[in-house]
Amino acid sequence: MEVAKAYDPKQAEQSHYERWESSGFFSPEINQDPDAPKYSIVIPPPNVTGSLHMGHALQHTIMDVLTRWKRMQGYRTLWLPGTDHAGISVQRKVVEQLKKDEHKTPLDIGREEFVRRAWAWKEQYGNTITEQMRREGASVDWSRHRFTMDESLSKAVRSVFVTLYDEGWIYKGLRIVNWCPKDKTVLSDLEVKEETRKDGKLYYLRYPLSEPPASAGGENASDDQADSRDGDLPPAHAGGSALIVATTRPETMLGDTAVAVNPKDERYKHLIGKMIALPLTDREIPIVADEYVDAEFGTGAVKITPAHDPNDYQLGQRHDLPQLLVMNDDGTMNAAAGKEFEGLDRFKAREKVIERFDELGLLEKIDDYEISLPVCERCKTIVEPILSDQWFVKMDEMRDMALDLMRTEGAPHFSPQVPHEKVYTTWLENLKDWTISRQLWWGHQIPAWYDADGNVFVAHTADEAKEKAGGRELTQDQDVLDTWFSSGLWAFSTLGWTGNADALVRNEGDARTDSLTAAQEHSPQAVSADGGVRVPSDLETFLPTDVLVTGRDIIFLWVSRMMMLTKKFVDKKAFEDVIITGTVLGKDGKPMSKSRNNGVDPIEMFDKFGVDATRIYLASIATGADIKWNDLLIETYRNFANKIWNATRFCLLNSERAKVDHASLMDRSGLSLADRWIISRLNQTAIDVNKSLAKYEFHTAVSLLYHFFWDDFCDWYIELVKDEITSKRDGFSRSDEETPEGVTLTKTRILTILEIALRMLHPFMPYLTEELWLTLPGTGKEMLARAYKDAEATIMLTAFPPGDANAIDAAAEAEMQSVIDLIKKVRNIRSEMNIKPSDKVAVHVAANAEMLANFTASDAQIKKLARADNIVLGETLDVPKASAKAVLSGGAEIAVPLEGLIDFDKERERLQNQIAKLDTELQRLNGQLSNADFVNKAPAEKVEALRERKGELEHQIATLKMNLEALN
RNA sequence: GCCGUCUUAGCUCAGUGGUAGAGCACUCGCUUCACACGCGAUAGGUCACAAGUUCAAAUCUUGUAGACGGCACCA
């Protein structure tokens, strides 16, 4: 059999995915077992403008490991893929393209044409991640691929909107919102990030009173102010008085409609109710009193701009102040700001306001001020709080539903639970209403229509709205919904829910997109055409989904909203568990980003190290932990892949007349110690791997598999049986030479163990394991798990090894451990005494009868692995002085005669080192055991264990000391 | 400001109330016929610091220092 000497991932990666996909292995329909339990995951839909990054690769790996593991366990498994339409991002791409290619704006081409181009853009560029996921080996059911703007998902969006509106959970109103002047749309609170700027300024502006206050009692405002706080403040102008306000956004003063002071503030009490002549305008504004004002901050007097600040807005409501909007949607000043300022950009206007105040002698001072500014998460533009008429979702009742689920069912269960559960609930508790309208053309247009008088009609369709309006001509709301509004329905909208009263009955005549066709195929009607057997829909079968795998950044944006909306509309949990992955950081320890240029492209890693190595490396990161990227770590798993490849190669090179046969591990008679040991280790590993995966401890599972395969299987088992199954017969006993069936059986066992190990590795390393599994003799269709028996041969549909507790053989493990111990001690002597590898040694062993029998049985293997030509076993040692010695656990001693080779000084040093090591431990034990509190209070078995260990140590030390003496 | 996380071997990271682990790097020795992406053998850590709880603390508590994350912010 021709097998390359080193593993080349590319070849395996090219040959299997297409076959898996076209054979339908990824679909739940592949499962033929009518009683199979289901397992489902919906992918967090990557946005169509994106390409695969390391975070995706990490999350996809985890989802695929779980999906493949459950599929192999016989679950009816669905991992549903899809993408979201990324309203703002796509809109921006299309606008840019339009500008670059045609020097046009969206307004030039109109809404309809713009949307057409956005679809074209999506068709052309929106499949990047989809293709990359195939490379990853993701076992998603492509026939159920969904896009948030598919017709069926859009129907779900409209249904949800109408229902929430009808129930009063959606409303439209004037509120202060976050406005991005670059994208010219409102943003939700979650799409705004705070950025701290050290170079901020706090401007102190002097606002003159319209008329001087009554001067009785010398209560001159500016004098008061000067006396109590800022002695250096001169009066505004001769004979007049003024208030000084502090602001970080001077340009908004053009929209001031009041100045507020704290009613308890003695400095200003007498001014309450007086008017201010607002500079640069011809308006007079009142001085009002409000508890909100902090007398300690700034000057204690606050300019109030209700249309441009959330706090001012609230205050304005309380005092019935006018709301004066002075800005346009692009961040320039509007007509209300005055002729002088109209058309100026907000920051230019700021400069100009300051300039003019200075000219008028009204600029008091400018302080440096560290400020945190809200910026648009996507474009980093400074967000403008602005009064705007928008659609909102009232969150209080939905929030309570989510909190109830957590309280009563602990759902969803977060992994890791700390800190995410608390972060999630705390966020919910402080939840504010959600701004859902966006001033974009790309997305789900809001299903609200207006008549000529501005009356609103919310309906599923234009026709329905018109009907509601009594046939009047209507125009639809121009805005679209937040992309996260449709993402929030993802758990159930992707499974066929469109909002009909009976979710199981499908709408007719709407099959406009491929996805919908697919949905119909998989979501048959509750009752078949002939009124026969009821086939459960995807929604019934797969919801709640089992687990959601995502990053911290979208717990609020998506996880919480999906939880709430699913509960509200389907009355189910969206998912049972949530795995929050950590962040893969760049080599510099900072999150990967384009601006830092510290990103690592998963595709490059696939090319360099292979998909499987990248996957198992990502799975080896502790769940939820951040990790600094380092190529060396993937290299570990590239090497592991090569090890698996070569171990298989070895087995194949020695597989004449043998084939994979699970019965060969069942028949206990005729098993050698090594066989019993590796079977025990194999089953223990399988049990532990299953346990680890069930707890989402992927890194533990990887570590178990890595060490089982490399240490137990390759370093020991293969080495132990190597002589027997290779053509080399040196040192092998005659009886096996005469019974080639025994050799064939050993070959069979090693192939079988390898085959089981490959199955356990498959979820992590799908390509390599499939490639190798198909080449093993004896594998084929007949080895598929029961639920998949009609499928073609593939490792991905075999049973995941459950592990058999009965096959765990403690005695074999202990016996093997002493053989390993013996071999390691001899190797140590050889190495430290500089024995050439080619030189054979004799090994003398003194031990009790049981151990001697054990060593006798493993004579050939010990000889092979210790490079010994003679093993002398006895009750006592009888060796020349020129021997190197060691003690084994269990009271055995060994000696390697080194006539003419021994360096006595070196041997003394070696023995002393060993004594010192054991002695350190003995000291510690003695300390503990002489502590009466320990002996009395610690569990008896702990104390007993230490006493036993102490006896052992004392014996070993005594033996070593005797050996040391003997050298002198 | 509030909430929270992290600090373990040179590096990147696991880990558990009861003798500190891995991979890589380092040192020594190997063209041992599956694999040098390998084999064998060493070396390397007062588990950030301090106090407390406990028979026992790297592990639990509190505090300190440093790194970081989330949320909220008074103009």
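This is a predicted model, so every value here is computed, not measured. Residue numbers start from 1 in every chain, and the chains themselves are labelled A, B, ... in the order their sequence lines are given, proteins ahead of strands.
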Sugar-phosphate only, base, or nothing, as touched by [X] at under 4.0 Å among non-hydrogen atoms:
| X | result |
| --- | --- |
| A/T426 | nothing |
| A/C714 | base |
| A/A625 | sugar-phosphate |
| A/A622 | sugar-phosphate |
| A/Y424 | nothing |
| A/K432 | sugar-phosphate |
| A/K917 | sugar-phosphate |
| A/R638 | base |

Can you tell me which nucleotide in [options] comes closest to the side chain of [X]?
| X | options | value |
| --- | --- | --- |
| A/N642 | B/rA34, B/rC37, B/rU12 | B/rC37 |
| A/L633 | B/rG23, B/rC55, B/rG4 | B/rG23 |
| A/L653 | B/rC55, B/rG38, B/rA34 | B/rA34 |
| A/K5 | B/rU19, B/rA14, B/rC35 | B/rC35 |
| A/F297 | B/rC74, B/rG70, B/rA34 | B/rC74 |
| A/K643 | B/rU19, B/rA75, B/rA34 | B/rA34 |
| A/F934 | B/rG18, B/rC13, B/rC74 | B/rG18 |
| A/T248 | B/rC24, B/rA34, B/rA75 | B/rA75 |
| A/E832 | B/rC55, B/rU42, B/rA22 | B/rU42 |
| A/S831 | B/rC35, B/rG40, B/rC24 | B/rG40 |

Among side-chain atoms of A/D294 and A/N262, is any donor-acceptor pair under 3.5 angstrom?
no
[atom1]-based separation of [M] from [N] [nearest Å]:
| N | M | atom1 | result |
| --- | --- | --- | --- |
| B/rG21 | B/rA36 | P | 31 Å |
| B/rU8 | B/rG44 | C1' | 13 Å |
| B/rG10 | B/rU5 | P | 27 Å |

Side chain A/K722 and base B/rA34 donor-acceptor under 3.5 Å:
yes
On RNA chain B, compare the nucleotides closest to A/R867 and A/Y292; which residue's is nearer the 5' end?
A/R867
Kindly say if [X] contacts the phosphate of [N], meaning a side-chain N or O under 4.0 Å from OP1 or OP2.
| X | N | value |
| --- | --- | --- |
| A/K303 | B/rA75 | no |
| A/W710 | B/rC39 | yes |
| A/Y369 | B/rA75 | yes |

Can a cation-pi geometry be assigned to A/K722 and A/F650, taking NZ or CZ under 6.0 Å from the six-membered ring centre and within 45° of the ring axis?
yes
Kindly indicate whether a cation-pi arrangement holds for A/K365 with A/Y204, taking the cut-offs as under 6.0 Å to the six-membered ring centre and within 45° of the axis.
yes
Between atom CD in A/Q956 and atom C1' in B/rU19, what is the gap in whole Å?
13 Å
